**Q** 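Before I ask anything, let me first share the structure, which is written out below as structure tokens.
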Amino acid sequence: MKASQLILGTQRENPADAEITSHQLMIRAGLIRQVSSGIYNWLPIGKKVLHKVENIIRNGMDSSGAQEILMPMVQPASLWEKSGRIDQYGQELLIFFDRHENKFCLGPTHEEIITDLCKNLLTSYKQLPVTLYQIQTKFRDEIRPRFGVMRSREFIMKDAYSFDLNKTGLDESYSLMREAYIEIFKDLGLDYRIVKADSGAIGGSDSEEFHVLADSGEDLLAFSDKSDYAINAELLTELQEGQDPLSLEGKPSPDGKGVLKLKKGIEVGHIFKLGTKYSEVLNLRIQGEDQDIYPEMGCYGIGASRIVAAAIEQNHDEKGIVWPESLAPFKVALVEVNSKNNQKVKEKCEEIYALLRENNVDTLWDDRDKRPGVKFADMEVIGIPLTIIIGERTIESGHIEIKKRQDEKPELVSHQDLLSIILS
RNA sequence: CGGGGCGUGGCGCAGUCUGGUAGCGCACCACACUGGGGGUGUGGUGGUCGCUGGUUCAAAUCCAGCCGUCCCGACCA
């Protein structure tokens, strides 16, 4: 992609109403623009990153054997009346009426829809176990949206739902999905932790959260320094009857091993065992070997759009975003410096750009007629992992300059070595 | 919903107290110079000053109501 043709949307100054780093950088780097409180446009660079997140999730889900579907964002309110959650969810559920005065809501989650779908779809226990998932826009009319896409009203989420014959099966589906999540977070390249969690409004029994560690995180997590014990600090204080979560630091771990250490995290994934809660209230019965059963359900969410923000919270410096390679919108920025006075600069860039394209290296060629400083600053705020710099200097030296995003100075490499360095 | 802040060109802001018909920086367009870290000059484009009503000869400025948005809190993936 040539930068001269890309709608970049980078901004030099922080927007006045963005408080946290990821929000500021997402706007300055041209990832998002706000439409309304908690509602955002995703610009080309942002959409590329979001797409990468989605695909990593998709690959992880597919290889676990889950099957992708797509459910509607608009849901009949009657299903929520049946499940009883229309009152429980309250004002977070955005309700409206169609031209026939039928009552609908925008889906904040899809337990009702998937359970209803499976009433027709699943007819025999032989179809179990099965896990279905989607990557889709959710809407929750948050009391107070904040921090850009970190806590927005409209957001992109992967939600998966498993159906099993019995509790043993649910345990297996749950741990299969847990493993898939571990694989996904490894692929995302983020520093994360799994903690015991409260199952909240979704309901059900066992539940764990996946948190991206970041000082700006809204959740406080407690870890034993001697064992694998890890829990959302808020849940632990509830269990221990209302202490201040911060007071947990240094206290003995509830599992008897070591003392508790606290870290802040951003919740980006949550897995639940639902049991038969929804299958019973929505009457999803499946023919078993000798009698009908209510399938044991699990549900598994990952906040795709939130991951983009969380990744930035964890990976940035004073110049801008420093993407992990897995999420970078481009792998390489090719910056031409002062090509006006030296036709060879342009020619060299064309040659390298063609080489990178042939080798499927996603490259942003900054061919704009701008001062070098402007180009460097843009490539840095966007956070592209590698920058190749071509100018008169490099033409004369017969070498190519290549700089890693986190490095201060570029290194000189030969044309022959360039590709292997980039592909390594 | 309670408390606080803010709404003036795409972005950041001044002007509001003390009413006189809108300005600065960045960005953008044109030209020239410049050319390895956000360069310089000249000339431009772009604004119903959040909305509605009121006061006044005159309102960005004063008054009232409303709306939007951000932050803190309760709540929440």
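In this text, all values refer to a predicted model and were calculated from it rather than measured experimentally.
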**Q** Does the structure show a Watson-Crick or G-U wobble partner for B:rC11, both distances under 3.5 Å? Name it, or say none.
**A** B:rG25

**Q** Where each residue is assigned the nucleotide of RNA chain B containing its nearest heavy atom, which of A:V268 and A:F147 is assigned the position nearer the 5′ end?
**A** A:F147

**Q** When rounded to the nearest Å, what value does the distance between C1' atoms of B:rC26 and B:rG9 take?
**A**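 That atom pair is separated by 12 Å.
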
**Q** Which nucleotide, if any, forms a Watson-Crick or G-U wobble pair with B:rC62, using both distances under 3.5 Å?
**A** B:rG54

**Q** When you compare B:rG2 with B:rC66, how far apart are their P atoms, in angstrom units rounded to a whole number?
**A**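 My reading of the P atoms in B:rG2 and B:rC66 gives 12 Å.
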
**Q** Whether the A:D141 and A:Y89 side chains hold a donor-acceptor pair (N or O, under 3.5 Å, no angle test) is what I'd like checked.
**A** no

**Q** Provide the distance between the two P atoms, one in B:rU48 and one in B:rG3, to the nearest whole Å.
**A** 34 Å

**Q** Rounded to whole Å, please give me the gap between CD in A:E19 and C1' in B:rC6.
**A**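 The distance from CD of A:E19 to C1' of B:rC6 comes to 12 Å, rounded to the nearest Å.
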
**Q** What is the base-pairing partner of B:rU42, counting Watson-Crick and G-U wobble geometry with both distances under 3.5 Å?
**A** B:rA30

**Q** I want to check one thing: is the phosphate of B:rC70, taken as OP1 and OP2, less than 4.0 Å away from some side-chain N or O of A:Q34?
**A** yes

**Q** In terms of side-chain heavy atoms of A:I143, which of B:rC75, B:rG12, B:rC71 is nearest?
**A** B:rC75

**Q** If the P atom of B:rC31 is compared with that of B:rG20, how far apart are they to the nearest Å?
**A**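 Pairwise P distance, B:rC31 against B:rG20, rounds to 40 Å.
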
**Q** With C1' as the reference atom in both, quote the distance from B:rC67 to B:rU52 in angstrom, rounded to an integer.
**A** 10 Å

**Q** Can you tell me the Watson-Crick or wobble partner of B:rG2, both distances under 3.5 angstrom?
**A** B:rC72

**Q** Hey, would you say the A:F185 and A:F210 ring centroids sit under 6.0 Å apart?
**A** yes

**Q** What is the per-nucleotide protein-contact pattern of nucleotides 25-38 of chain B, from the 5' end, where B denotes a base atom under 4.0 Å from a protein heavy atom, S denotes such proximity for sugar-phosphate atoms only, and - denotes neither?
**A** BS-S-----BBBBB

**Q** Mind checking if A:S152 touches a base, just sugar-phosphate, or nothing, with heavy atoms under 4.0 Å?
**A** base

**Q** Side chains of A:S414 and A:D417: any donor to acceptor distance under 3.5 Å?
**A**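 Note: A:D417 and A:S414 side chains meet the donor-acceptor criterion.
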
**Q** Quick check against the 3.5 Å criterion: does A:Y278 have a side-chain atom that pairs as donor or acceptor with the backbone of A:D116?
**A** no

**Q** Within the structure, does a side-chain N or O atom of A:S36 lie under 4.0 Å from either OP1 or OP2 of B:rU69?
**A** yes

**Q** What's the gap between B:rG50 and B:rG68 when it is taken at their C1' atoms, as a whole Å value?
**A** 7 Å

**Q** Checking base pairs now: Watson-Crick or wobble, both atom distances under 3.5 Å. What partners B:rU18?
**A** none

